[in-house]
Amino acid sequence: MGAVEPVVDEENGEKETKMRDEEERDVEKGEMDSQQRGFQSQPPPPPAETGGENFHMSRMQRLSATNPLRLVMNAGTRVASPSPYNAPAPAQHRQHRSFPNPFHHRHPPAPVPAPSQHRPSPVTAPAVVPAPSQHQPSPAPSQTRSTPAVTPQPSVITLNSRSYTNKFSLFLFLVHMIGATGLVCFLVFKGIQGLLEAGEAQRKEKRLLKFFLPQVEVASLLSITLAFTWQKAMRMWPTFMVHFVLWGSFIFTLAAGILLICFQRPSTDGVGVVLIMFAIGNGLYSCWVTPRIKFCTKILIKSLEPVPKFGDLNRPTYLTLAAGFLWMSMWILAVIGAINFYFPPLVIIGLVLSMAWVTEVMRNVVNLTVSRVIGLYYLRGMQSSTQFCFQRALSVNLGSACLGSLFVPTIEVLRVVARALNLLEGEDEFMFCCAHCGLKIMDSIFKRGNGWAYVQIATYGKSFVKASQDTWELFEKREMETIVDSDMTSAICFLTGVCSGSICVIVIGAWTFTVYPNFTATLSLLSAYVGYLLTRIAMALPHACVSSYYVCYAENPDNRLFDKTIQDRLNLIKTNRDVIVPTPRSVPSRFAR
């Protein structure tokens, strides 16, 4: 770098020697500047001028563009491409970077260490040794970037889901309601048309309006009155009502059957025999479940305790029964009008099935409303608005109510039949193996579609199948499936509807036989049907309270709102100190291998 100029006597030789040394020094400086800009990431210090070594621009300008020294110097002052081993300078350093004049003299840069044989990690910034300068900031320490570990967040369970559940079932029910409404209006029109036209049709219409319509309307009002009576009595005297319903349904059904047989008409005799057979089965069931009554009464009393905290909890029942009465009145007029239409039996059967689905949906709407109010009280300690819960049941959760109304009664009936077949033992091994297979299938279906699902449908907004599976898994986790499977609440509500239907048969049957005996059997069956359906709507409240108690206990048994009734029962069953009625779940022992 700093070569000493030789002393020559001759003036021309001295000038040439100085020019050559300075040009060589400029070339060498250009190469070093190139190396410094290629390896140094920090801004270079300001150039320090040295006396006696200043570069004369005039001499550089006299060099032609094709001069080899000029070409070498120009190539050396180009900015070198960044090395792959060097990382770009930080932003706070780059903002002070300057571009020095390549024709100024500088101090020689510090030696740059040779790159390591191993390439640094792409996420690690290489350390660069800057040129010594008093203005040079200290380099940041080498730091390895690390990707933070992502912790999976648990899914948040919302209590105000806005998504509609079981949309296809909701669509199917709405289409059914549009079709049923159109059919009812058309048949009412046909009934009015037949009433205005003279002839045989007019005489039939007048006879039906005089001896058919009043009895059905009275049966509807009587069943609504009985429904509220049973519900109020169930809330006031649960212990008495459990015994009364079990044996009252047996007595009323038997009395209705005997009364119809006493009319001594072929049609009434057939209906009377059916009622007597049902009464015998009802009595046998009441004897069989006697050991369960005490525990059922305890759960019923405990589950009804939150009801007085919600003064308007029965309002959805009032509104639903009022809508049911209006729809029932229109439905009766449509049945009368179907007499003047094609294929009256098929049309009436279709109207009967439609009424069954509509009233079952109404019952499950009340069930969902009460389940949400009571469920949120147990799970969150909230006093929810009954009106808001009723609106959710009529909108967001209506699809699940429609799906459950279709399948739950069917599954329950088939499950009872399969259990009854498994209780019998005989010599036909093939028959009972088929019964065992059917029971297993029905139990598998029951886990994916049961009445316990309405609590989680109302509380968390789940679909019907998902809520059924999750609820049954909770019962299995708490080992509660034995207790839940032997619960009598659903049977008590069913037999309450049977009580109302039997009373309607006694009243309407006796009235009709007095005024027009030909309609006795028909109106007896219809009044029993109407009394059962409307009473089940009112009994949805205690049924929903008991279901919420079981499901919420399975979800959080340590809640202070629950006592030790279920836990004590489980402990007694596990230690064989409590009697529990066995539920058939397997092949009889004689066919077991």
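Source: prediction; values computed, not measured.
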Does [X] have its ring centroid less than 6.0 Å away from the ring centroid of [Y]?
X: Tyr378; Y: Tyr553; value: no
X: Phe513; Y: Phe263; value: yes
X: Phe173; Y: Trp357; value: yes
X: Tyr516; Y: Trp511; value: no
X: Phe475; Y: Tyr550; value: no

Audit row: Glu205, Lys210, salt bridge (charged side-chain N to carboxylate O under 4.0 Å, His left out) steps and yes/no: CA-CA 9 Å; Glu205 294 289 341; Lys210 183 177 181 180; over 6 Å; no
Heavy-atom side-chain contact between [X] and [Y] under 4.5 Å:
X: Leu260; Y: Leu275; answer: yes
X: Tyr318; Y: Phe228; answer: yes
X: Asn450; Y: Val408; answer: no
X: Ser395; Y: Tyr164; answer: yes
X: Phe494; Y: Thr489; answer: no
X: Arg392; Y: Leu368; answer: no
X: Glu217; Y: Phe325; answer: yes
X: Phe250; Y: Ile280; answer: no

Is the backbone N or O of [Y] less than 3.5 Å from a side-chain atom of [X], with the two atoms forming a donor-acceptor pair by type?
X: Gln231; Y: Ala538; result: yes
X: Gln202; Y: Leu195; result: yes
X: Trp331; Y: Leu351; result: yes
X: Thr320; Y: Thr317; result: no

Derivation and outcome, ring pair (Phe, Tyr, Trp, His ring centres under 6.0 Å), residues Trp230 and Phe244: CA-CA 10 Å; Trp230 303 141; Phe244 175 82; 5.6 Å; yes
Polar contact flag, side-chain donor to acceptor under 3.5 angstrom, Thr253-Ser502: yes
Side chain to side chain contact (heavy atoms under 4.5 Å, CB included) partner of Phe295, the single match among Thr297, Ile299, Ile293: Ile299
Working for salt bridge (charged side-chain N to carboxylate O under 4.0 Å, His left out), residues Asp470 and Lys466: CA-CA 6 Å; Asp470 293 348; Lys466 177 64 174 174; 3.5 Å; yes
Those residues that, when tested against Lys298, pass side chain to side chain donor-acceptor pair (under 3.5 Å) (two or more places apart): none
Flag if over 12 foreign heavy atoms under 6.0 Å of CZ, Phe388: yes
cation_pi(Arg235, Trp237) dist<6.0 Å, angle<=45: no
Val365 and Phe390: CA distance, side-chain angles, deciding distance, side-chain contact (heavy atoms from CB on, under 4.5 Å) verdict: CA-CA 8 Å; Val365 166; Phe390 186 50; 3.7 Å; yes
Carboxylate-amine/guanidinium proximity below 4.0 Å for Arg415 and Asp485: yes
Val188 and Ile336: CA distance, side-chain angles, deciding distance, side-chain contact (heavy atoms from CB on, under 4.5 Å) verdict: CA-CA 8 Å; Val188 170; Ile336 295 174; over 6 Å; no
